[in-house]
Visitor: 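Supplied in structure tokens, the structure appears directly below.
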There are 2 protein chains.
Amino acid sequence: MPERRIILPGAKMPTAWYNIMADMPNKPAPYLHPGTQEPLTPDALTPIFPMSLIEQEVTQQRWVDMPGEVIDALLQYRTTPLIRALRLEQALGTPARIYYKFEGQSPTGSHKSNTAIAQAYYNKQAGMKRLATETGAGQWGTALCHACTTFGMDCTVYMVKVSFHQKPYRKTLMRLWGGEVFASPSEQTQAGRDVLAKDPDSLGSLGIAISEAVEDAATHADTNYALGSVLNHVLMHQTIIGLECLEQFDMVGDYPDVVFGCCGGGSNFGGLVFPFLGRKLRGEATKQTRFVGVEPAACPTLTRGEYRFDYGDVAKMTPLVMMYTLGHNFMPAGIHAGGLRYHGMSALVSQFVHEGDIEAIAYPQNPVFQAADLFAKTEGIVPAPESAHAIKGAMDEALRAKATGAETAILIGLSGHGFLDLGAYESYLDGKLVDFALPEDELCAALGELPEITL
Amino acid sequence: MPERRIILPGAKMPTAWYNIMADMPNKPAPYLHPGTQEPLTPDALTPIFPMSLIEQEVTQQRWVDMPGEVIDALLQYRTTPLIRALRLEQALGTPARIYYKFEGQSPTGSHKSNTAIAQAYYNKQAGMKRLATETGAGQWGTALCHACTTFGMDCTVYMVKVSFHQKPYRKTLMRLWGGEVFASPSEQTQAGRDVLAKDPDSLGSLGIAISEAVEDAATHADTNYALGSVLNHVLMHQTIIGLECLEQFDMVGDYPDVVFGCCGGGSNFGGLVFPFLGRKLRGEATKQTRFVGVEPAACPTLTRGEYRFDYGDVAKMTPLVMMYTLGHNFMPAGIHAGGLRYHGMSALVSQFVHEGDIEAIAYPQNPVFQAADLFAKTEGIVPAPESAHAIKGAMDEALRAKATGAETAILIGLSGHGFLDLGAYESYLDGKLVDFALPEDELCAALGELPEITL
């Protein structure tokens, strides 16, 4: 019987992050200033980010050492297991070997803590007393509250109003970790008040909540802003996932032929994939591994969006980023994978998709929950709805392997557990889950509002 | 820096359970037949239990080998980590070394899966197609549904009605693992109909739900009953917790001076403590370790109950057990640690308390949640309300060590996580948690209804 749980000893946890920009043949386009649309200077970001993270955003260094205090905080829940999905393989009757890297044992049950801890640390070092952020489904907000508590800081979270009311337990977790949580749009910021003036019943969106958090940080000297995905330094902090995986595959003498991760803003996906992709780019990989981002059909940024400059938020306060986007005014349908409801995508992931190094596919939510159901029954872990997208992609690959007899090695990024998403599973079991698709005219309308920019 | 997470490799997971009856100087009193009040013969249990488990209930063998299929199923989530609570120690400013054994990475987030898997396996071997059981807060019901799915069996759960409505997500989990869940008292059984006839609005109790599940099993040839705590074989299945701990302490060259576990029916506590206590009884222990059971002041079985024969259920269908009890008609107040709301206690744990080998203490729920709050802020794990009782006991011990300067090694049994108990934390944060105490007259009334039995 092959080893089920492949555990990397804590003493072997990676202590440097991997920066894929060092290995990219074509360097990424610069971020543009939201006002001038000129390439952004580091100074423009200092009101909301510490210089250490601004430097990490642009560094070309291949390896960035983790500070000792960050290593220490990560070791509280890491390393995370790489698990061979033997029962799932049996249930599918596939010759494929399926592995999943499980980030659900973090304090808040998802991969988000990996960067929350690093960001809280660097901000503390820079003298900040408080961090402000937005959260959609709540994973990022809870992770940042936990990280701030770890380093003795305060945390203010602008939580998309519809989630604030639908997911009260995420709010409880943030309160437990000392966080202050406002339903967004709120009366706390000008951005929030502007939205409420136009639409007092607004349910909010991630784009609006980002505007509120950025404004809060920009207008308070002791407060910075922290983003849970999309940015280069966030993806770099998440590479600990893929770096551990590399070691774990070494331990069992295997290597993935194909890797599936869910894609919202790209941090879980990039963190898992970049260490493998970097090996391939450097010509050091033993296999020509494929990398597949899986997204919801209701928010198909990579599969149906356009690759162009766009803002990260509704109020156009963030820099313009060259990325796949559905338009910053795009309002995704209310699917249960809240962490995947974002109009944009990491610039790095976007560029790799654009250049053909990474593939992307999209699924409606019912088949995704069916896959999650079988996974829970066989592997005994209830996946987060976001992570379930990667499982669905991997199961389809395993069934293709069954048809061809290929002994494919498949890696799934299982970014978190679903204990806080059981309302979604109840809807699924009751047959009440709606398979939202995005109509062509709605897609075109959202994209039609984008600025035309050529560098 | 001492090692934070002490991980026992899967290849070193114990493959035999420890049976403390082999090392008891005084053998336990027999169970008595509920009708005749005579010592129970194994035959009397065959309508609801397979012979393999009946034998495990009475065997005097010190070690019982785990079947290969059980080992395989356990390896899906085990071994579990022993974690040094460095940040908690720092926060308390104690010279004590605090360790916790964390069972929250099981499929359902508690230790219950350890015996659910074993029981489902033996029942499957005996030709059973279905298991019936009761559940209070829901941990046991979810664990048994998961285990039944693992071995291709059906599962029927009678869930205490008040929990059925208050904890809908536990029900979702059971459904996801293919279980059939009824609010108890139900119309499915005579026991349930009898209660409803007298009190149509009955909120149910664990005692009533047990009666329903036992009746279901006794009246269906293809169905057996499974109990999640109290019985000897259940505690034996849980000794994998303590056995792993022994190995893990060996790995870091330490050994506990005192062990704290929460006590509901005694399975988590016995599973953690018995391997250590057995060493002490055999004269093989390097330290005179103390063992402390922690229970809620609202259901103080060990600290205020009487040591005598009593039934395990309301309808008097179960055998009489020599144990600490508050009376089988005792109705505990609605505290959030639902897994500790039981009138009785494992016969083995009871006897050790009676003979002075194990201590017991009780706490109201507000100080317990305060301890859980500090634990979550420092260690990053939100504990189940049940487990938080053990944390509270350990924290008080650590503060005593601070006062005396003693470098005490403390072990906490962290039986599960609290992601499915966040409603309770919300009440705590809102200051709405009531510290129920048990009035003397109520206690006396419940005990006054007990049968007088002398062997």
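Residue numbers begin at 1 in each chain, while the letters A, B, ... track the order of the sequences.
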Visitor: Looking at B/Cys155, is its backbone amide N or carbonyl O close enough to the side chain of B/Glu180 to form a donor-acceptor pair, meaning the two atoms are under 3.5 Å apart?
Guide: no

Visitor: Examine whether an atom of A/Ala372 lies under 4.5 Å from a heavy atom of chain B, and if so say whether it belongs to the side chain, the backbone or both; otherwise answer neither.
Guide: neither

Visitor: Can you check whether B/Thr80's main-chain N or O pairs, donor with acceptor, with B/Glu244's side chain at less than 3.5 Å?
Guide: yes

Visitor: Tell me whether the count of non-hydrogen atoms from other residues, nucleotides or ligands lying under 6.0 Å of NZ in A/Lys129 goes above 12.
Guide: no

Visitor: Determine whether a donor-acceptor pair (N or O, by modelled atom type, separation under 3.5 Å) exists between the side chain of A/Lys101 and the backbone of A/Gly413.
Guide: no

Visitor: What pair of heavy atoms forms the shortest contact from B/Leu433 to B/Ala424, and how long is it?
Guide: CD1-O, 4.1 Å

Visitor: B/Gln119 side chain to B/Ala226 main-chain N or O, any donor-acceptor pair under 3.5 Å?
Guide: no

Visitor: Could you tell me which residues satisfy side chain to side chain contact (heavy atoms under 4.5 Å, CB included) with B/Glu426, sequence neighbours excluded, listed by chain and number?
Guide: A/Thr172, A/Arg175, B/Asp430

Visitor: Could you give the distance from OG (A/Ser415) to OH (A/Tyr100), rounded to the nearest 0.5 Å?
Guide: 13.5 Å

Visitor: With chain A, which of B/Asp373, B/Leu86, B/Ile6, B/Thr79 has the greatest number of heavy-atom pairs at distances under 4.5 Å?
Guide: B/Asp373

Visitor: Where do B/Met395 and B/Leu88 come nearest, in terms of heavy atoms and distance?
Guide: CE-CD1, 3.6 Å

Visitor: So what's closer than 4.5 Å to chain B heavy atoms on A/Leu429: side chain, backbone, both or neither?
Guide: both

Visitor: Checking heavy atoms, do the side chain of A/Leu176, its backbone, both or neither come under 4.5 Å from chain B?
Guide: both

Visitor: With a 3.5 Å distance limit and no angle check, can you tell me whether B/Glu69 reaches the backbone of B/Tyr121 through a side-chain donor-acceptor pair?
Guide: no

Visitor: Measure the spacing between OH of B/Tyr99 and CD1 of B/Ile412 and express it to the nearest 0.5 Å.
Guide: 12.0 Å

Visitor: Can we call the ring centroids of A/Tyr169 and B/Tyr425 under 6.0 Å apart?
Guide: no

Visitor: Quick one: of A/Phe102, A/Phe419, A/Tyr77, who has the most non-hydrogen atom pairs under 4.5 Å with chain B?
Guide: A/Phe419

Visitor: Non-hydrogen atoms of chain B under 4.5 Å away: do they reach the side chain of A/Glu379, the backbone, both or neither?
Guide: both

Visitor: Which of residues 106-118 of chain A have a heavy atom under 4.5 Å from any heavy atom of chain B?
Guide: A/Pro107, A/Thr108, A/Gly109

Visitor: Is the backbone of A/Gln105 close enough, under 3.5 Å, to the side chain of B/Gln105 for a donor and an acceptor to pair up by distance?
Guide: no

Visitor: Tell me, side chain or backbone of B/Ala73 under 4.5 Å from chain A's heavy atoms, or both, or neither?
Guide: both

Visitor: May I ask you to list the residues in residues 142-149 of chain A that approach chain B closer than 4.5 angstrom, counting heavy atoms only, ordered by number?
Guide: A/His146, A/Thr149

Visitor: Taking only residues two or more places apart in sequence or in another chain, which ones pass salt bridge (Lys or Arg N to Asp or Glu O under 4.0 Å) with B/Arg4?
Guide: A/Asp72

Visitor: Counting only heavy atoms closer than 4.5 Å, note whether A/Arg87 contacts chain B via side chain, backbone, both or neither.
Guide: side chain

Visitor: Quick check for you: among A/Ala376, A/Gly10, A/Pro168, which has the greatest number of heavy-atom pairs under 4.5 Å with chain B?
Guide: A/Ala376

